[in-house]
Amino acid sequence: QVQLVESGGGLVQAGGSLRLSCAASGRTFSTYVMGWFRQAPGKEREFVAGIRWSTYYADSVKGRFTISRDNAKNTVYLQMNSLKPEDTAVYYCAAKLRAVIGTTAREYDYWGQGTQVTVSS
């Protein structure tokens, strides 16, 4: 099993930056595909970014967000720059065993509790 704990959410002004962290348990962390999803009020949970060796981003965040991982620390990060009010959501860290990046929530096996990101105009 894998346990995931997100941190780093908060309130920022539009145009600002925020860095989310996801601390993961598990001896096979390095083999997992890791992803970030977000869910805004009234909307479905949507894919934001994923990483194994390569990275993949939703079009809405491409060029602004960066996903990275530190396998030695069992941690995944999401650096968010040039934040917009529409980025406001609860952000979730997720992990999947199959070694291909997935962009739908149902493909992922483990989830964190989420961390709130609010961007004011």
Side-chain angles (χ1 to χ4, degrees):
Q1 68 164 39
V2 175
Q3 290 188 328
L4 307 173
V5 180
E6 303 97 333
S7 62
L11 174 65
V12 297
Q13 295 287 318
S17 298
L18 203 61
R19 188 193 197 195
L20 305 184
S21 298
C22 173
S25 66
R27 295 163 64 183
T28 59
F29 173 80
S30 64
T31 70
Y32 296 147
V33 172
M34 303 297 298
W36 286 97
F37 290 76
R38 67 187 183 186
Q39 188 166 21
K43 295 185 177 181
E44 297 296 317
R45 190 168 298 185
E46 66 175 346
F47 174 80
V48 175
I51 185 170
R52 191 187 180 202
W53 298 296
S54 300
T55 58
Y56 184 78
Y57 300 92
D59 288 341
S60 60
V61 306
K62 193 173 299 181
R64 299 189 297 122
F65 291 9
T66 303
I67 186 172
S68 61
R69 69 194 301 167
D70 185 337
N71 290 333
K73 297 181 179 179
N74 283 3
T75 302
V76 179
Y77 305 95
L78 184 68
Q79 179 66 46
M80 305 185 293
N81 298 326
S82 301
L83 283 162
K84 305 174 181 179
E86 53 261 43
D87 295 318
T88 296
V90 176
Y91 283 71
Y92 298 91
C93 177
K96 68 191 297 286
L97 298 178
R98 191 172 296 277
V100 293
I101 296 175
T103 58
T104 63
R106 66 183 61 186
E107 296 177 82
Y108 286 75
D109 303 290
Y110 305 101
W111 292 87
Q113 292 293 112
T115 185
Q116 177 70 47
V117 172
T118 302
V119 184
S120 61
S121 59

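The structure displayed is predicted, hence computed values, not measured ones. The first residue of the sequence shown is numbered 1, and numbering continues consecutively from there. All values below come from the heavy atoms of this structure, side chains included, with hydrogens, waters and symmetry mates left out.
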Peer 1: Give a yes or no on this: more than 12 heavy atoms of other residues, nucleotides or ligands lie within 6.0 Å of atom OH of Tyr56.
Peer 2: no

Peer 1: Say whether, by atom type as modelled, one donor and one acceptor occur between the side chain of Thr88 and the main chain of Val119 under 3.5 angstrom.
Peer 2: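 Such a contact is found between Thr88 side chain and Val119 backbone.
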
Peer 1: Over all heavy atoms of both residues, which pair between Tyr108 and Ile101 is shortest? Give the atoms and the distance, please.
Peer 2: OH-CG2, 4.3 Å

Peer 1: Would the distance check show the side chain of Glu6 and the main-chain N or O of Gln113 forming a donor-acceptor pair, the cut-off being under 3.5 Å?
Peer 2: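 Such a contact is found between Glu6 side chain and Gln113 backbone.
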
Peer 1: Given 3.5 Å as the limit, does a donor-acceptor pair link the side chain of Arg52 with the main chain of Ala99, or not?
Peer 2: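 Yes: the side chain of Arg52 pairs with the backbone of Ala99.
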
Peer 1: Answer whether the closest heavy-atom distance between the side chains of Val117 and Met80 falls below 4.5 Å.
Peer 2: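 Yes, side chains in contact.
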
Peer 1: Going by side-chain contact (heavy atoms from CB on, under 4.5 Å), Ser17 matches just one of Leu83, Asn81, Val12. Which one?
Peer 2: Asn81

Peer 1: Please name the pair of heavy atoms, one in Ala49 and one in Leu78, separated by the smallest distance, quoted to 0.1 Å.
Peer 2: CB-CD1, 4.2 Å

Peer 1: Indicate, with yes or no, if Tyr77 and Tyr92 share a hydrophobic cluster defined by side-chain heavy-atom contacts under 4.5 Å among Ile, Leu, Val, Met, Phe, Trp and Tyr.
Peer 2: no

Peer 1: Given side-chain contact (heavy atoms from CB on, under 4.5 Å), test Met34 with Leu4 step by step and report yes or no.
Peer 2: CA-CA 10 Å; Met34 303 297 298; Leu4 307 173; 4.0 Å; yes

Peer 1: Any sub-3.5 Å donor-acceptor pair from Lys84's side-chain atoms to Glu86's backbone N or O?
Peer 2: no

Peer 1: Has Arg45 got a side-chain atom pairing as donor or acceptor with Ala105's backbone, closer than 3.5 angstrom?
Peer 2: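 Not at all, since once roles are kept as given, no pair shorter than 3.5 Å links the two residues.
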
Peer 1: Of all heavy-atom pairs between Leu20 and Gly9, which one has the smallest distance, and what is that distance?
Peer 2: CD2-N, 3.6 Å

Peer 1: If every non-hydrogen atom of Trp36 is compared with every non-hydrogen atom of Ile67, which pair is closest and at what distance?
Peer 2: CD1-CD1, 3.6 Å

Peer 1: Is the backbone N or O of Ser25 less than 3.5 Å from a side-chain atom of Gln3, with the two atoms forming a donor-acceptor pair by type?
Peer 2: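 No; judged by distance alone, with no hydrogens or angles, the pair does not exist.
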
Peer 1: Over 60° means perpendicular and under 30° means parallel, so tell me whether Phe37 and Phe47 are parallel, tilted or perpendicular.
Peer 2: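 If you compare the ring of Phe37 with that of Phe47, the planes turn out perpendicular.
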
Peer 1: Should Tyr110 and Ile51 be counted in the same cluster of Ile, Leu, Val, Met, Phe, Trp and Tyr side chains packed under 4.5 Å apart?
Peer 2: yes

Peer 1: Looking only at non-hydrogen atoms, find the nearest pair between Lys96 and Val100 and report the distance.
Peer 2: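 Between these two residues, the closest heavy atoms are NZ-O, 2.8 Å.
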
Peer 1: What's the separation between atom CD in Gln79 and atom CZ in Arg64, rounded to the nearest 0.5 Å?
Peer 2: 12.0 Å

Peer 1: Can you list the steps and then say if Asp109 with Tyr32 is a side-chain contact (heavy atoms from CB on, under 4.5 Å)?
Peer 2: CA-CA 10 Å; Asp109 303 290; Tyr32 296 147; over 6 Å; no

Peer 1: Tell me the closest heavy-atom pair linking Arg38 and Ser60, and the distance in Å.
Peer 2: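 Closest approach of Arg38 to Ser60: NH2-OG, 3.5 Å.
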
Peer 1: Do NZ/NE/NH1/NH2 and the carboxylate oxygens of Asp59 and Lys62 come within less than 4.0 Å?
Peer 2: yes

